[in-house]
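By convention here, the first residue in the shown sequence is residue 1. Given the structure is predicted, the values throughout are model-derived calculations rather than measurements.
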Amino acid sequence: MGVQISPSILSADFTDLAADVARIAPAADWVHVDVMDNHFVPNLTIGLPVVERLAEVSDLPLDVHLMIADVDRWAPDYADAGAGSVTFHVEASTAPVRLARTLREHGVRAGMALRPATAIEPYADLLAELDMLLLMTVEPGFGGQPFLDLVLPKLRRARALVGGRDAAVWLQVDGGVSEETIERCAEAGADVFVAGSAVYGSDDPGRAVQALRAQAERATAHAAWGLPSG
Ligand code: DX5
Ligand code: ZN
């Protein structure tokens, strides 16, 4: 896979999500759906009924990012709700290997997310169980926060762990990703880019997605990890 863009509807109009998903559908690869429970993070968004309905009306596959406690209990229901990818936080999971396997059994891509202060190294042996690793580039909970450059070294180490351009595990970044920061992320090893305010804060969200993709593709082409191996 090349560069993929997954706009976050956290910054969309919650009273008209179907229309806001349609605005990005021609340009984006996924629609990123942030589920927050006011326990794992200090914010509350949407849950299963809305995700089920979004899966029915969206032309894009749903990239569900669960920021919820007791995620081992709830994540499979999001797979059954029609998501294409379900990402759980390792800090919220009691049995991440079992959960990743369960998600795959439920027919979705299994993603695991790390908060900025969570190290990747303890999870190196789990990577084969995953389809995507999400490195948060802000503390999860809110849109519009400034990008944390301190995550970039972890992103480079994660890229080295998963392998080069044809790696089986996708590397996603989420938080503060914008025209200012996306090139740094791509250069360091990300290949799936979540952007909320940078897309929905724009007058033309579809064009914003195209601009972000072009920047990420340029930066990837120049990155050592993205160069053809021979
Ligand atoms: C934050 C969410 C993000 C959020 C990103 O916890 O996981 O997906 O929408 O928003 P921006 O792109 O505005 O930082
Ligand atoms: Zn998210």
If two hydrophobic side chains count as joined below 4.5 Å and joins carry through other members, does [X] share a cluster with [Y]?
| X | Y | result |
| --- | --- | --- |
| Tyr123 | Val192 | no |
| Val64 | Met132 | no |
| Leu44 | Phe142 | no |
| Val51 | Trp30 | no |
| Val177 | Trp225 | no |

Enter the distance from [X]:[atom1] to [Y]:[atom2] here, rounded to the nearest 0.5 Å.
| X | Y | atom1 | atom2 | answer |
| --- | --- | --- | --- | --- |
| Leu155 | Leu150 | CG | CG | 11.5 Å |
| Glu179 | Leu212 | CD | CG | 5.5 Å |
| Leu99 | Arg101 | CG | CZ | 12.0 Å |
| His65 | Thr45 | NE2 | OG1 | 10.0 Å |
| Leu135 | Arg157 | CG | CZ | 9.5 Å |
| Ser6 | Leu62 | OG | CG | 9.5 Å |

Side-chain donor-acceptor contact under 3.5 Å, Asp63 with Gln172: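 Side-chain D/A pair, Asp63 to Gln172: present.
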Residue pair Ser202 / Asp204, side-chain donor-acceptor N/O under 3.5 Å: no
Worked check of side-chain contact (heavy atoms from CB on, under 4.5 Å) between Tyr200 and Asp20: CA-CA 8 Å; Tyr200 283 106; Asp20 266 0; 3.8 Å; yes
Which pair of non-hydrogen atoms, one from [X] and one from [Y], has the smallest distance, and what is that distance?
| X | Y | answer |
| --- | --- | --- |
| Pro140 | Pro116 | CD-CD, 4.3 Å |
| Phe193 | Cys185 | CE2-CB, 3.8 Å |
| Ala100 | Ala110 | O-CB, 3.7 Å |
| Ile24 | Pro205 | CG2-CB, 3.9 Å |
| Ala198 | Ala208 | O-CB, 3.7 Å |
| His39 | Ala69 | CB-CB, 4.2 Å |

So, the side chain of [X] versus the backbone of [Y]: is there a donor-acceptor pair under 3.5 Å, distance only?
| X | Y | answer |
| --- | --- | --- |
| Asn43 | Asn38 | no |
| Arg159 | Gly164 | yes |
| Ser58 | Ala55 | no |

For [X], the option from [options] that meets side chain to side chain contact (heavy atoms under 4.5 Å, CB included):
| X | options | result |
| --- | --- | --- |
| Val151 | Leu114, Val173, Thr137 | Thr137 |
| Ser93 | Leu66, Val71, Asp70 | Val71 |
| Ile9 | Val21, Val199, Val50 | Val21 |

So do [Y] and [X] actually touch side chain to side chain, heavy atoms under 4.5 Å?
| X | Y | result |
| --- | --- | --- |
| Leu134 | Leu171 | no |
| Arg213 | Asp29 | yes |
| Asp191 | Trp170 | yes |
| Met136 | Val138 | yes |
| Glu217 | Gln215 | no |
| Val35 | Trp74 | no |
| Phe147 | Glu180 | no |

Does a salt bridge link [X] with [Y], judged by any charged N lying under 4.0 Å from a carboxylate O?
| X | Y | answer |
| --- | --- | --- |
| Arg207 | Asp203 | no |
| Asp72 | Arg98 | no |
| Glu187 | Arg184 | no |

Val3 and Ile5: CA distance, side-chain angles, deciding distance, side-chain contact (heavy atoms from CB on, under 4.5 Å) verdict: CA-CA 7 Å; Val3 162; Ile5 309 289; 4.0 Å; yes
Residue pair Leu10, Met36: steps toward the side-chain contact (heavy atoms from CB on, under 4.5 Å) verdict: CA-CA 10 Å; Leu10 186 60; Met36 306 187 189; 3.7 Å; yes
Cation over ring face, Arg115 and Phe40, 6.0 Å, 45°: yes
Full working for side-chain contact (heavy atoms from CB on, under 4.5 Å) between Lys154 and Arg156: CA-CA 5 Å; Lys154 178 165 65 175; Arg156 289 194 185 90; over 6 Å; no
Enclosure of Asp125 CG (heavy-atom neighbours >12, cutoff 6.0 Å): no
Side chain to side chain donor-acceptor pair (under 3.5 Å) partners of Asp131, counting only residues at least two apart: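 Asp131 satisfies side chain to side chain donor-acceptor pair (under 3.5 Å) with Arg104 only.
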Check: residues 79-87 side-chain donor-acceptor pairs under 3.5 Å, at least two apart:
| residue | atom | partner | partner atom | Å |
| --- | --- | --- | --- | --- |
| Asp80 | OD1 | His106 | ND1 | 2.8 |
| Asp80 | OD2 | His106 | ND1 | 3.4 |

